[in-house]
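Computed from heavy atoms alone, side chains included, the values below leave out hydrogens, waters and symmetry copies.
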Amino acid sequence: MGRQVAQAAAKAARDKKSLPSNHLGRDALRLASPAGMDRKRRRTARTTMTYRAPINDILLPLNHGAGLLAAIEAGHYNGYEAELSAPVIEEAGKFATEVLEPLNQPGDRAGIKLTDQGVVAAPGWTEAYKSWTGAGWNAVSGAEEFGGQGLPLAVHAAVNEIWSASNLAFGLCPLLTLSAIDALHAHGADDLKKTYLPKLISGEWPGTMQLTEPQAGTDVGALRTRAEKQPDGTYRLFGAKIFITYGDHDMSDNIVHFILARLPGAPAGTKGITLFLAPKYLVNPDGSLGARNDIYASGIEHKLGIHASPTCTMTMGDKGGAVAYLVGKENGGMAAMFTMMNQARLGVGLQGVGLADRAYQRALAYAQERRQGKAIGSTRDGSDAIIAYPDVKRNLMLMRGLTAAARTICYATAVAIDISHRASDPAVRAKAAARGALLTPMAKAFSTDIANEVAGIGVQVHGGMGFIEETGAAQYVRDARILTIYEGTNGVQANDLLMRKLQMSGGEAVWDLLGELSQIVKKVEASNDPAFGTTAEKLREAVASVERASKWLLEKIATAPLEALAGATPYLRLFSTTLGGCMLANEALAARGDGAIQGDAGRYVTLARFFAENVTVQS
């Protein structure tokens with residue numbers, strides 16, 4: 001693996017055969033500007049509209065907070081060169097700005113349509129998706145043996161944040177495809193991998209996760225979709241699934257569905273579910289597409305947000321049953337499902353980070369240009385921009401701090417997952433797997449909780465204009481609301497952190513992490529930098545609080561589990577804000593070093609101090 005991988009990705013993203021982004025941008029701006037908006041307000045909407053990937057704010061936590069550089073230096077990435085990350089992330093940012101963001105508001109307004117031929121995507125989306133896959137963006141971390149680029153999952157995580165920031169509804173499609181790839185790679189038979197993995201990794205055939213049924217939401221063991229084994233070794237599926245993201249669309253030639261079903265005589269509950277692969281179109285031995293499979297979108301949901309993402313009711317069995325192939329073992333679907341779900345949970349956390357960052361960017365731009373009243377001490381003629389007011393500054397700092405903390409937690413999760421697969425030492429892999437498992441519920445729940453908070457604060461910064469759809473701030477509130485619900489509600493994540501991850505090996509993963517956080521606090525203290533204020537003191541108090549809470553909860557789980565569960569959500573928040581605060585401080589220390597970032601390192605020290613003193617521990 002070498003520089004050629006990143007250069008190829010960058011070249012593909014710049015390829016002139018890609019979607020004509022300038023033309024697309026003009027059309028999107030016209031569509032996003034309602035006829036009733038006067039020229040002045042249309043100009044304001046234009047200037048606050050453009051997304052820019054925050055390259056420094058991504059690279060600093062990726063390389064230092066999450067530990068990618070340290071992992072590379074330790075040899076866990078098999079020769080991957082650290083300097084390859086920046087050009088890939090920069091090119092992703094360009095594609096997001098030029099192609100995906102201009103489709104966001106128009107897609108929200110247009111939505112999708114269910115026709116006799118299936119689901120039709122919002123205008124421009126099919127072209128954008130083909131351009132996106134053609135540029136190689138779906139294959140960033142895919143296995144090289146199946147056509148992927150083999151880059152770290154951590155780099156792919158940063159790229160996925162960018163897709164979600166620029167266009168959350170679009171980013172949902174590759175998020176689930178990545179989960180499908182993981183499940184098939186880990187559990188699929190060789191012939192299935194050979195047929196489907198290259199197409200999934202390239203993105204030519206996106207994947208879906210079909211778990212939920214009306215009576216079986218979080219309790220997947222209650223599902224009723226049934227599977228019948230055929231003499232040729234295939235299966236036929238009968239039943240219906242609801243809330244299936246990208247269950248049908250016209251953005252690709254085929255769709256690969258991953259479906260949980262129950263075989264006759266299977267054990268009750270989760271022990272009796274099996275995972276199957278069922279393509280929209282069957283695949284001939286030569287790789288060409290064959291007959292239409294018996295799986296259809298029978299309805300689409302009319303949702304609060306993510307309007308351009310098709311959420312479908314899927315029906316199987318009206319024409320003899322959907323042809324399906326076993327993934328893993330019969331009645332072994334839970335293991336395969338969790339492979340999918342854990343990747344999806346990290347992906348949803350990154351959605352939260354991306355959406356929060358976009359809400360922050362829009363609010364910041366609006367605060368810089370919206371003029372109202374006179375700030376105390378102002379000597380300028382006319383009104384001042386509202387960013388001059390302390391409460392607006394406080395809100396913006398809170399938005400930025402929450403976003404940055406969630407980002408570094410998600411990236412750290414991705415690095416841990418990478419090491420758990422890539423390290424040569426089995427003991428290192430095992431320790432990294434435990435770290436990734438511990439961080440995953442925080443990455444999903446904390447990041448999506450703060451996405452809702454940050455989006456709401458963004459509307460507040462906009463004032464009355466934030467409540468008006470044309471500014472775009474309201475869409476983030478609507479889109480964010482689903483993030484705390486799907487791929488395991490945040491209550492489920494908190495319970496998982498408490499009842500499973502805290503108890504692993506008697507809390508060993510927790511004590512190891514808290515030990516590392518304590519070392520960060522010592523480094524802040526040793527810096528003797530007055531700019532940190534009381535950061536070290538606050539973080540030390542927070543780490544001690546997590547330690548006390550962890551010990552108390554471990555005791556209560558054994559003696560009074562309901563009492564322990566009552567504290568699960570506050571515990572996850574306490575742990576997440578402590579972890580995020582310490583990691584931001586560590587990044588601030590790194591930013592002060594030579595070559596860590598380009599620009600003003602002091603802004604990261606200020607951010608770490610603000611977060612420690614106002615979020616991690618409040619006076």
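- The residues Lys551 and Glu547 are annotated as salt-bridged, a charged nitrogen and a carboxylate oxygen being separated by less than 4.0 angstrom.
- With contacts defined as side-chain heavy-atom distances shorter than 4.5 Å, the pair Leu402/Val615 qualifies.
- Remark: the backbone N or O of Leu192 is not paired with any side-chain donor or acceptor of Thr195 at under 3.5 angstrom.
- One N or O on the side chain of Glu213 and one on the backbone of Arg224 form a donor-acceptor pair closer than 3.5 Å.
- His257 has its side chain out of reach of Lys241: every pair of non-hydrogen atoms, C-beta onward, lies at least 4.5 Å apart.
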Would you check, one step at a time, whether the test salt bridge (charged side-chain N to carboxylate O under 4.0 Å, His left out) holds for Lys444 with Glu487? CA-CA 9 Å; Lys444 195 278 180 182; Glu487 308 312 336; over 6 Å; no
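- For the pair Gln215 (side chain) and Ala222 (backbone), a donor-acceptor distance under 3.5 Å is present.
- In this structure a side-chain-to-backbone donor-acceptor pair under 3.5 Å is present from Asn138 to Leu200.
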If you apply the rule side-chain contact (heavy atoms from CB on, under 4.5 Å), what do you find for His185 with Asp182, and how did you get there? CA-CA 5 Å; His185 195 272; Asp182 273 7; 5.7 Å; no
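- A side-chain donor-acceptor contact under 3.5 Å links Asn452 to the backbone of Ala480.
- Gln351 places a side-chain heavy atom less than 4.5 Å from the side chain of Leu175.
- Atom CH2 of Trp137 and atom CH2 of Trp163 lie 5.0 Å apart (nearest 0.5 Å).
- Put simply, the side chain of Gln493 gets close to the backbone of Gly488: a donor and an acceptor are under 3.5 Å apart.
- Atom OG1 in Thr413 sits 4.5 Å away from atom CG in Leu439 (nearest 0.5 Å).
- Side-chain N or O atoms of Thr535 include none that pairs as donor or acceptor with a backbone N or O of Ala612 at under 3.5 Å.
- In this structure, Glu525 and Val521 have side chains that are in contact, with non-hydrogen atoms separated by less than 4.5 Å.
- Considering OG of Ser164 and CG of Asp479, their distance stands at 10.5 Å, rounded to 0.5 Å.
- Of all heavy-atom pairs between Val327 and Ala183, the closest is CG1-O, 4.2 Å.
- The minimum heavy-atom distance between Pro441 and Asp496, with the atom names listed, is CG-OD2, 3.8 Å.
- In terms of modelled atom types and a separation under 3.5 Å, the side chain of Arg407 and the main chain of Gly354 share no donor-acceptor contact.
- Across Leu237 and Ala227, no two heavy atoms sit closer than the pair CD2-CB, 3.5 Å.
- When all heavy atoms of Ser518 and Val543 are compared, the pair lying nearest together is OG-CG1, 3.6 Å.
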Residue pair Leu589, Tyr604: steps toward the side-chain contact (heavy atoms from CB on, under 4.5 Å) verdict: CA-CA 8 Å; Leu589 291 168; Tyr604 296 102; over 6 Å; no
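- The aromatic rings of Tyr571 and Phe575 lie perpendicular to each other, with more than 60° between the two planes, well past the 30° mark.
- Within the structure, the side chain to side chain donor-acceptor pair (under 3.5 Å) test picks out the following pairs touching residues 423-441 (sequence neighbours left out): Arg435-Glu516.
- In this structure, Asn167 CG and Leu355 CG are separated by 11.0 Å, a value rounded to the nearest 0.5 Å.
- Side-chain N or O atoms of Ser179 include one that pairs as donor or acceptor with a backbone N or O of Met340 at under 3.5 Å.
- Nearest heavy atoms, Ala404 versus Leu584: CB-CD2, 3.7 Å.
- Residues Leu68 and Tyr77 form a side-chain contact, since some pair of their non-hydrogen atoms from C-beta on lies under 4.5 Å apart.
- In this structure, NZ in Lys523 is found 11.0 Å from SG in Cys582, a value given to the nearest 0.5 Å.
- At least one side-chain heavy atom of Ser141 sits less than 4.5 Å from a side-chain heavy atom of Leu178.
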Given Tyr80 and Val155, is the side-chain contact (heavy atoms from CB on, under 4.5 Å) satisfied, shown in steps? CA-CA 11 Å; Tyr80 175 76; Val155 174; 3.6 Å; yes
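- Looking only at distances, no side-chain donor or acceptor of Asn586 sits under 3.5 Å from a matching main-chain atom of Gly65.
- Under the 4.5 Å side-chain criterion, counting only non-hydrogen atoms from C-beta, Phe338 is in contact with Arg345.
- Closest non-hydrogen pair, Thr616 versus Ala542, comes out as CG2-CB, 3.2 Å.
- To the nearest 0.5 Å, atom CG of residue Leu151 and atom CD of residue Glu144 are 8.5 Å apart.
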Steps toward side-chain contact (heavy atoms from CB on, under 4.5 Å) verdict (Phe446, Asn490): CA-CA 8 Å; Phe446 178 68; Asn490 286 2; over 6 Å; no
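- For the pair Thr212/Thr218, no side-chain contact is recorded, criterion being any heavy-atom separation below 4.5 Å from C-beta on.
- With hydrogens and angles left out, the side-chain atoms of Arg548 and Ser545 include a donor and acceptor closer than 3.5 Å.
- Classification of the Tyr196-Tyr325 ring pair by plane angle, with boundaries at 30° and 60°, yields tilted.
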